[in-house]
Novice: 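Just passing along the structure, written as structure tokens.
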Amino acid sequence: MDMINHQQAEREAQRMQANREELVERIALTAREDGTVQPLEGLYLSRSSRPLENLHSVFEPSLCVVAQGSKEILLKNDHYRYDPFHYLIVTVDLPHAAQVLEASQERPYLSLRLTLPPDLVSAVMVDAGQAASPTREDVRAMDVSPLDVNLQDAVVRLARLIHSPARAPILMPLIVREIIYLLLTGKQGARLYHLAVLSGYTSPITKVVKYLRQNFDQPLRIEDLAREVGMSISGLEHQFKAVTAMSPLQFQKQLRLQEARRLMLSENLDAASVAYRLGYHDPAHFNREYKSLFGAPPIRDVQRLRGVAMESSA
């Protein structure tokens, strides 16, 4: 029996190595330059030829798989590192910072992200006879788990569709459902149930996240927000922080500052104009908060980012 188990483990390891090599090849063929591309709806491929810090963005519910290199997500004080042997799952729209840890010209960082529509997750749960059981809503909305061979197989078959556009409309929905099923029956099953619970229209956390994303430039009164979702102030803050690792005010601040950075880069606005547009009444306060999040004052940070962009395009 030990010999059979050993042989099976060896075959599985060989299969996973072949899958990793194919995933590297397919992502590299599609994402030929540093950055992110979307070859199929809901599927994003990323490439970086050098380590990167301070990649601030908002994750929607997604599965993230690395083909080559490694990456770390910083969610407030928590760190989530993933690589070709581990996958990341996110169940709520979360503002975060990220770092590409391992990347070079010879071995660029290559990754794949698949969005997980909550209504599709719920449908797969029902079809699989796994209707959502009572689930705590204060589960952290992000985690990392080991990537097993069956989930990896499905991800590779999904990547193959990038180069088979005639087959993609038929096969992609089937493979995405398979991936969701494998996640539901794997180590992250409870987190997928959590996604289905939070996607319900009555979930207070979903309501708060949606409100903050739509009104991040408006004054925030926690007492009004708590009353709107039918919770106490302390209850709302506790549950929101348990899921997102941030208070509602911290969540709003990250959204504001990410938008400020985008506006200065894309519309060439000065820091004071951006600050007033996003609801800051004191530019000095805006500058302090900006430096706290991005590590440099607005002008210096934007100059650095433009310099990096010019180097990358050279």
Novice: Please determine whether the number of non-hydrogen atoms from other residues, nucleotides or ligands lying under 6.0 Å from atom CD of Gln38 exceeds 12.
Specialist: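 Yes - once you tally the heavy atoms of other residues, nucleotides and ligands closer than 6.0 Å, there are more than 12.
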Novice: Take Tyr109 and Leu101 through the side-chain contact (heavy atoms from CB on, under 4.5 Å) test and state the conclusion after the steps.
Specialist: CA-CA 9 Å; Tyr109 167 82; Leu101 300 176; over 6 Å; no
Novice: Please tell me whether Tyr44 and Ser46 have a donor and an acceptor in their side chains that are separated by less than 3.5 angstrom.
Specialist: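 No - no donor-acceptor pair under 3.5 Å links their side chains.
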Novice: So does Leu23 get a backbone contact from the side chain of Arg26, meaning a donor-acceptor N/O pair under 3.5 Å?
Specialist: no
Novice: Verify the cluster assignment for Phe59 and Leu52: are they in a single hydrophobic cluster under the rule of side-chain heavy atoms below 4.5 Å apart?
Specialist: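 Yes, same cluster.
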Novice: What's the spacing between Arg167 CZ and Arg160 CZ if we round to 0.5 Å?
Specialist: 9.0 Å
Novice: Under 4.0 Å between a Lys/Arg side-chain N and an Asp/Glu carboxylate O for Arg256 and Glu289?
Specialist: no
Novice: Please report the interatomic distance CG(Leu151) to CD(Glu178), rounded to the nearest 0.5 Å.
Specialist: 9.0 Å
Novice: Could you tell me if the side chain of Ser57 sits less than 4.5 Å from the side chain of His96, heavy atoms only?
Specialist: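 Yes; the side chains approach each other to less than 4.5 Å.
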Novice: Side chains of Pro297 and Ile299: does their closest heavy-atom pair fall under 4.5 Å?
Specialist: no
Novice: If we count only N and O atoms by modelled type, under 3.5 Å, do the side chains of Ser70 and Glu102 hold a donor and an acceptor together?
Specialist: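 Their side chains do contain a donor-acceptor pair, which is all the 3.5 Å distance test asks for.
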Novice: Between Ser62 (side chain only) and Cys64 (backbone N and O only), is there a donor and an acceptor less than 3.5 Å apart?
Specialist: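 Here the side-chain-to-backbone pair does not exist.
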Novice: Taking the side chain as everything from C-beta on, heavy atoms only, tell me whether Arg47 gets closer than 4.5 Å to Ile27.
Specialist: no
Novice: Where do Val208 and Leu236 come nearest, in terms of heavy atoms and distance?
Specialist: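 Val208 and Leu236 have their closest heavy atoms at CG2-CD1, 3.7 Å.
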Novice: I need the minimum non-hydrogen distance between Leu182 and Asn150, along with the two atoms involved.
Specialist: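 Closest approach of Leu182 to Asn150, heavy atoms only: CD1-O, 3.6 Å.
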Novice: Indicate yes or no: at least one non-hydrogen side-chain atom of Phe240 is less than 4.5 angstrom from one of Leu212.
Specialist: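 The answer is yes; the side chains approach within 4.5 Å.
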Novice: Test of understanding: clusters of I, L, V, M, F, W, Y form through side-chain heavy atoms closer than 4.5 Å, transitively. Do Leu265 and Tyr280 belong to the same one?
Specialist: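 Yes, one cluster joins them.
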Novice: Count the heavy atoms of every other residue, nucleotide or ligand shown that sit under 6.0 Å from CD of Gln105, and state whether that count exceeds 12.
Specialist: no
Novice: Provide the closest heavy-atom pair for Asn19 versus Gln152 in the form atom of the first, atom of the second, distance.
Specialist: ND2-OE1, 3.0 Å
Novice: Would you say Glu10 and Gln14 are linked by a side-chain donor-acceptor pair, where the criterion is simply a distance under 3.5 Å?
Specialist: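 Gln14 vs Glu10: no donor-acceptor pair found between side chains.
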Novice: Do the non-hydrogen side-chain atoms of His86 and Leu147 ever get within less than 4.5 Å of each other?
Specialist: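 With C-beta onward as the side chain, the pair stays apart.
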Novice: Would you mind checking if Glu60 and Arg213 are paired as a salt bridge, meaning a charged N to carboxylate O distance below 4.0 Å?
Specialist: no
Novice: With no hydrogens and no angle check, do the side chains of Glu228 and Tyr211 hold a donor and an acceptor under 3.5 Å apart?
Specialist: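 Distance-only check fails for Glu228 and Tyr211.
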Novice: Please determine whether the number of non-hydrogen atoms from other residues, nucleotides or ligands lying under 6.0 Å from atom CD of Gln17 exceeds 12.
Specialist: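 Result for CD/Gln17: enclosed.
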Novice: Mind checking whether Leu94 and Leu220 sit in one hydrophobic cluster, side chains of I, L, V, M, F, W, Y counted as touching below 4.5 Å?
Specialist: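 Leu94 and Leu220: one cluster.
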Novice: Minimum heavy-atom separation for Val24 and Ala67, please, with both atom names.
Specialist: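 Where Val24 meets Ala67 most closely, the heavy atoms are CG2-O, 3.4 Å.
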Novice: Assigning hydrophobic clusters by single linkage (Ile, Leu, Val, Met, Phe, Trp, Tyr; side-chain heavy-atom cutoff under 4.5 Å), is Val149 placed with Leu114?
Specialist: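 No, no single cluster joins them.
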Novice: Do Phe216 and Leu278 come within less than 4.5 Å of each other through their side chains, counting heavy atoms only?
Specialist: yes
Novice: Are Lys241 and Glu237 ion-paired here, with the side-chain N under 4.0 Å from a carboxylate O?
Specialist: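 Glu237 and Lys241: not salt-bridged.
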Novice: Would you say the side-chain atoms of Gln303 and Arg300 include a donor-acceptor pair closer than 3.5 Å?
Specialist: no
Novice: What is the minimum heavy-atom distance between Tyr276 and His281, and which atoms define it?
Specialist: CE2-O, 3.7 Å
Novice: Could you give the distance from CZ (Arg277) to CG (Asp217), rounded to the nearest 0.5 Å?
Specialist: 10.0 Å
Novice: Are Asp153 and Arg15 within salt-bridge range, i.e. N to O under 4.0 Å?
Specialist: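 Counted as a salt bridge, because a side-chain N and a carboxylate O are separated by less than 4.0 Å.
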Novice: Please check this pair: side chain of Ser164 against backbone of Ala166, looking for a donor-acceptor N/O pair closer than 3.5 Å.
Specialist: no
Novice: Which atom names give the shortest non-hydrogen contact between Pro95 and Leu75, and what distance separates them?
Specialist: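 Of all heavy-atom pairs spanning Pro95 and Leu75, the closest is O-CD1, 3.7 Å.
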Novice: Working to the nearest 0.5 Å, report the span between NZ of Lys253 and OG of Ser247.
Specialist: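 The distance works out to 8.5 Å.
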Novice: For Glu267 and Arg262, run side-chain contact (heavy atoms from CB on, under 4.5 Å): C-alpha distance rounded to whole Å, both residues' side-chain angles, the deciding distance at 0.1 Å, then the answer.
Specialist: CA-CA 8 Å; Glu267 299 186 19; Arg262 187 193 70 80; 4.3 Å; yes
Novice: Quick one, Tyr82 and Ile73 - any side-chain contact, counting heavy atoms below 4.5 Å?
Specialist: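 Yes; the side chains approach each other to less than 4.5 Å.
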Novice: Taking the side chain as everything from C-beta on, heavy atoms only, tell me whether Val90 gets closer than 4.5 Å to Pro61.
Specialist: no
Novice: Determine whether Leu63 and Leu174 fall in the same hydrophobic cluster, where Ile, Leu, Val, Met, Phe, Trp and Tyr are linked whenever their side-chain heavy atoms lie under 4.5 Å apart.
Specialist: yes
